[in-house]
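By convention here, the first residue in the shown sequence is residue 1.
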Amino acid sequence: MEKITKDMLIGDAIQIGNSEAIAQTLLGIGMHCFGCAIARGETIAQAAEVHGVDVDDLVKALNIAANS
(Lines give C-alpha, C1' and ligand atoms only; values in the text may rest on other atoms or scores of the structure.)
Protein backbone atom coordinates (compact mmCIF):
# COMPACT_ATOMS: atom_id res chain seq x y z
CA MET A 1 0.00 0.00 0.00
CA GLU A 2 1.16 3.51 -0.76
CA LYS A 3 2.37 5.53 2.23
CA ILE A 4 1.04 8.99 3.08
CA THR A 5 3.74 11.67 3.07
CA LYS A 6 3.80 15.32 4.07
CA ASP A 7 4.15 16.35 0.41
CA MET A 8 1.00 14.50 -0.63
CA LEU A 9 -2.15 16.43 -1.46
CA ILE A 10 -4.92 16.01 1.09
CA GLY A 11 -7.31 14.90 -1.64
CA ASP A 12 -4.91 12.13 -2.67
CA ALA A 13 -4.11 11.04 0.89
CA ILE A 14 -7.78 10.54 1.75
CA GLN A 15 -7.99 7.87 -0.96
CA ILE A 16 -5.24 5.66 0.48
CA GLY A 17 -6.30 2.74 2.62
CA ASN A 18 -9.08 3.28 5.15
CA SER A 19 -10.48 6.61 3.99
CA GLU A 20 -13.06 6.68 6.79
CA ALA A 21 -10.33 6.45 9.45
CA ILE A 22 -8.24 9.07 7.64
CA ALA A 23 -11.21 11.43 7.56
CA GLN A 24 -11.86 10.87 11.27
CA THR A 25 -8.20 11.58 12.04
CA LEU A 26 -8.36 14.88 10.15
CA LEU A 27 -11.66 15.83 11.76
CA GLY A 28 -10.30 14.94 15.19
CA ILE A 29 -7.65 17.64 14.96
CA GLY A 30 -9.98 20.25 13.49
CA MET A 31 -9.12 19.76 9.83
CA HIS A 32 -12.34 19.82 7.88
CA CYS A 33 -10.51 20.67 4.67
CA PHE A 34 -10.55 17.19 3.14
CA GLY A 35 -14.05 17.85 1.82
CA CYS A 36 -13.42 21.28 0.32
CA ALA A 37 -11.82 22.48 -2.90
CA ILE A 38 -8.59 23.42 -1.10
CA ALA A 39 -7.91 19.71 -0.49
CA ARG A 40 -7.21 19.29 -4.20
CA GLY A 41 -4.27 21.71 -4.07
CA GLU A 42 -3.02 21.73 -0.47
CA THR A 43 -0.44 19.33 0.86
CA ILE A 44 -0.52 17.63 4.25
CA ALA A 45 2.40 19.86 5.29
CA GLN A 46 0.61 23.05 4.27
CA ALA A 47 -2.56 22.04 6.09
CA ALA A 48 -0.59 21.11 9.22
CA GLU A 49 1.11 24.50 9.21
CA VAL A 50 -2.16 26.40 8.81
CA HIS A 51 -3.76 24.39 11.63
CA GLY A 52 -0.73 24.52 13.95
CA VAL A 53 -0.21 20.76 13.93
CA ASP A 54 3.15 18.98 13.91
CA VAL A 55 3.40 17.56 10.40
CA ASP A 56 5.40 14.49 11.41
CA ASP A 57 2.85 13.55 14.08
CA LEU A 58 0.04 14.10 11.59
CA VAL A 59 1.65 11.94 8.90
CA LYS A 60 2.23 9.18 11.43
CA ALA A 61 -1.41 9.32 12.58
CA LEU A 62 -2.68 9.33 9.00
CA ASN A 63 -0.63 6.29 8.07
CA ILE A 64 -1.87 4.43 11.15
CA ALA A 65 -5.43 5.36 10.16
CA ALA A 66 -4.88 4.32 6.54
CA ASN A 67 -3.73 0.89 7.65
CA SER A 68 -6.51 0.32 10.19
Considering residues at least two apart in sequence or located in another chain, which fulfil the side-chain hydrogen bond (donor to acceptor under 3.5 Å, both in side chains) criterion with Thr5? none
Please list, chain by chain and in numerical order, all residues satisfying side-chain hydrogen bond (donor to acceptor under 3.5 Å, both in side chains) with Asp7, sequence neighbours excluded. none
Would you say [X] and [Y] make side-chain contact, with heavy atoms under 4.5 Å?
X     : Y     : value
Leu9  : Ile44 : no
Glu2  : Met8  : yes
Val50 : Met31 : no
Ile10 : Thr43 : no

Could you pull out all residues at least two apart from [X] that satisfy side chain to side chain contact (heavy atoms under 4.5 Å, CB included)?
X     : value
Ile64 : Lys60
Glu20 : Asn18, Gln24
Ala61 : Thr25
Asp54 : Asp56, Asp57

If you look at every heavy atom in Ser68 and Ala65, which pair is closest and at what distance? OG-O, 2.7 Å
Could you please spell out the steps behind the side-chain contact (heavy atoms from CB on, under 4.5 Å) verdict for Asp12 and Ile16? CA-CA 7 Å; Asp12 293 339; Ile16 294 175; 5.9 Å; no
Nearest 0.5 Å please: distance from the CD1 atom of Ile22 over to the CD1 atom of Ile14. 5.5 Å
